[in-house]
2 protein chains.
Amino acid sequence: MSGRASPRNDQARQPTSYDVAQAAGVSQSAVSRCFRPGGSIAPETRARVLKAARELGYQPNAIASGLKAKRSNLVAVLISNLTNLYYPEVLAGLSRRLNASDNRVLLFALETEDEVDAALDQVWRYRVDGAIVAARLQAAQLRAFQRHRVPVVLYNRLSDGPDPVPSVACDSPGGERMLVDRLLAGGHRRFGLICGPEDNTVGRSRVEAARARLGAAGLTPAVTGGSFDHDSGAQGFRRLMTQSGNALDAVICANDLMAIGAIDAAREVYGLDVPRDVSVVGFDGVGPAAWASYRLTTVRQPVDRMTEAAVSMLLERVADPELPPEVRTFAGKLVPGGSARLG
Amino acid sequence: MSGRASPRNDQARQPTSYDVAQAAGVSQSAVSRCFRPGGSIAPETRARVLKAARELGYQPNAIASGLKAKRSNLVAVLISNLTNLYYPEVLAGLSRRLNASDNRVLLFALETEDEVDAALDQVWRYRVDGAIVAARLQAAQLRAFQRHRVPVVLYNRLSDGPDPVPSVACDSPGGERMLVDRLLAGGHRRFGLICGPEDNTVGRSRVEAARARLGAAGLTPAVTGGSFDHDSGAQGFRRLMTQSGNALDAVICANDLMAIGAIDAAREVYGLDVPRDVSVVGFDGVGPAAWASYRLTTVRQPVDRMTEAAVSMLLERVADPELPPEVRTFAGKLVPGGSARLG
DNA sequence: CTGTTAGCGCGTTCAC
DNA sequence: GTGAACGCGCTAACAG
């Protein structure tokens, strides 16, 4: 119909390897081999093909390639509390390392843990090569990973199921013991604990470890709930003060954000000086913990090494799905800071 | 070879629509229609198919479907400063809304802006349906989006190129004017400005707007560089003090994080009271700005409406690539806080 | 080293 | 409403 309107204007469609082959005067499979490591191709033909590809603006279609190769180079990353100050750093690390190893990140930022199932549905659909999960996974969900033959590595979540699952975590009990021991050595006796969300295994293990260590010293702390955010730290501090008749030596918080909230409450609501009147410690080592207004005494997670471990464990299992589960635990580093009188 | 060892154990491979078809006694195309909206299928067959699918654990292969339909349902999200406190909230919002509209997020967390090209290469390869970019894009990179026919929406970045580009942004000049006017009304006369990174358009527009408004009032502020992080705010404050002979009424920072750093420096290094001795204001309205230790006077970006706008603008353009560029600017909201004496 | 061939799993005509 | 047949763009044998 249109009188020879287009002398080459069907660039509406991305060029395919076939277009490149034609332009370079070779077969389509030769083009394919040029873009695949280990493809046997003569340097000369290769040069011709690459030239043609450049001129046409050709990029191999990862979707098609994934379909054929049964390997999408997609890694799902599920994270539940993206706005909680600790995870952005984790996500940045995971993303950097995954991209460096030629994998793409399919991100699922979960607002609540009950969105997991919906996310997993998509995970299966996209035939990801593997997944890194920083969210609570039910036993059934873990089984689904097995069923779908998708390797998974848990990040700072312990599996509740009976079977071990590959995971990396920071040694919460060890970190809490360091904190408690130093606080005890500093002369504190009347303790308060602010917990994480009830369904959070990491938070629970931190609180339990602290409690156990205090118990071993013959002490019973006041305990109150929390939800890992600033506000719940502030409120938790107030409840602890009430519970203890305003007699607190030290407050141990299940994470930094709550510890910062507790410090704010101690100062604003009670006019207390931290650490003179009360010591406050956290866990994680997030950026704001180091700010001059807080100088939080905490345990810093070695995020860099942990993300490195998570990614390499996953890639190993993508390469060899038969590898046995493995749990890699990293010791945290005590950051003395200035919000607690340590011994 | 293996004597009838597997009565159905070739589940090593995910079931395909063909497997489901066989189990349900229908054709493969019937199965396909069951999973596609608008596929004409009898309710009864549909039920049989869905039952078989459930039993086999079938999930349509999004990769294959994308290849055929030329629509991957993948949206690339490029973000440059993931660890900078403001972006996690943005990313969470984008992710939520994209997932809600049945799109997946292919995340590219950039450490530095020169990783953009590498990221874009992958963007093309994965044949994403569109992209949302919160990173600086060169004119050539913007042209690449056109060439590849990939709709793009910029988030809080203004295009430097000659052509307009679809984008959403917070009205920086307007926000700064609010701040400056209120500071002037509060009696401040000796101003200091801490800038963002030089190549950051948003930071620049904020500083320029503040400067212009001050200029209109016959005032010339002291100005110093910064890089959007806490530390550079603290250092910037010190430089401003030196520059101005310790005579500062108010410090305007290009973002909250630097404002918080400036407050910390004012208190720790100079023993100043904020806002009695010096007022400090920021921009963004990040979570920590509201903490009791800072109560930062700032302008909060309407992140929720902005992410909503970004996603809907993008999806509109995925549906109709011919839509003209459009720039949607949102007014920020002044948060009086308590770190500045406003008039 | 190169080209030919045969699918990967699904969406989509098009006849029936 | 349904099924047969084809092709999306690419990889992986295989034969030359």
Classify the ring geometry between B:Tyr86 and B:Tyr155 as parallel (under 30°), tilted (30 to 60°) or perpendicular (over 60°).
tilted

Taking atom [atom2] of [N] as reference, at what distance in whole Å does atom [atom1] of [X] sit?
{"X": "B:Arg36", "N": "C:dT12", "atom1": "CZ", "atom2": "P", "result": "7 Å"}
{"X": "A:Leu67", "N": "C:dG11", "atom1": "CG", "atom2": "C1'", "result": "13 Å"}
{"X": "B:Lys68", "N": "C:dG11", "atom1": "NZ", "atom2": "P", "result": "9 Å"}
{"X": "B:Arg71", "N": "C:dT12", "atom1": "CZ", "atom2": "C1'", "result": "17 Å"}

Presence of salt bridge, B:Arg317 and B:Asp129, under 4.0 angstrom
no

Which residue pairs pass the salt bridge (Lys or Arg N to Asp or Glu O under 4.0 Å) test with at least one member in residues 59-68 of chain B, sequence neighbours excluded?
none

Sorted by first residue and then second, give each salt bridge (Lys or Arg N to Asp or Glu O under 4.0 Å) pair with at least one member in residues 103-114 of chain A; sequence neighbours left out.
A:Asp102-A:Arg104, A:Glu111-B:Arg96, A:Glu113-A:Arg157

Check whether any side-chain nitrogen or oxygen of B:Ser17 sits under 4.0 Å from OP1 or OP2 of C:dG9, and answer yes or no.
no

Below 4.0 angstrom from OP1 or OP2 of C:dG9, is there any side-chain N or O of A:Lys70?
yes

All heavy atoms of A:Met313 vs all of A:Pro166, minimum pair found to be CE-CB, 3.8 Å

Strictly by modelled atom types, are [X] and [Y] linked by a side-chain donor-acceptor pair under 3.5 Å?
{"X": "B:Asn73", "Y": "B:Arg71", "answer": "yes"}
{"X": "B:Glu89", "Y": "A:Thr83", "answer": "no"}
{"X": "A:Asn61", "Y": "A:Gln14", "answer": "no"}
{"X": "A:Arg97", "Y": "A:Thr307", "answer": "yes"}

NA contact type, B:Ser32, heavy-atom cut-off 4.0 Å: base, sugar-phosphate, or nothing?
base

Please work out if A:Phe35 contacts a base, only the sugar-phosphate, or nothing of the nucleic acid, heavy-atom cut-off 4.0 Å.
nothing

Between the protein and nucleotides 1-3 of chain C, which nitrogen or oxygen pairs are less than 3.5 angstrom apart?
| from | atom 1 | to | atom 2 | distance (Å) |
| --- | --- | --- | --- | --- |
| C:dT2 | OP1 | A:Thr45 | OG1 | 2.5 |
| C:dT2 | OP2 | A:Ala42 | N | 2.7 |
| C:dT2 | OP2 | A:Thr45 | OG1 | 3.2 |
| C:dG3 | OP2 | A:Ser27 | N | 3.1 |
| C:dG3 | OP2 | A:Ser27 | OG | 3.3 |
| C:dG3 | N7 | A:Ser29 | OG | 3.2 |
| C:dG3 | N7 | A:Arg33 | NH2 | 3.1 |
| C:dG3 | O6 | A:Arg33 | NH1 | 3.2 |

For the ring pair A:Trp124 and A:Phe145, is the centre-to-centre distance below 6.0 Å?
yes

Leading and trailing nucleotides of DNA chain D with any atom under 4.0 Å from heavy atoms of chain A
D:dG9 to D:dA13

List the residues meeting side-chain contact (heavy atoms from CB on, under 4.5 Å) with A:Asp163, not counting sequence neighbours, and say none if there are none.
A:Gln146

Residues of residues 119-129 of chain B with a heavy atom under 4.0 Å from any atom of DNA chain C, listed by number, are none

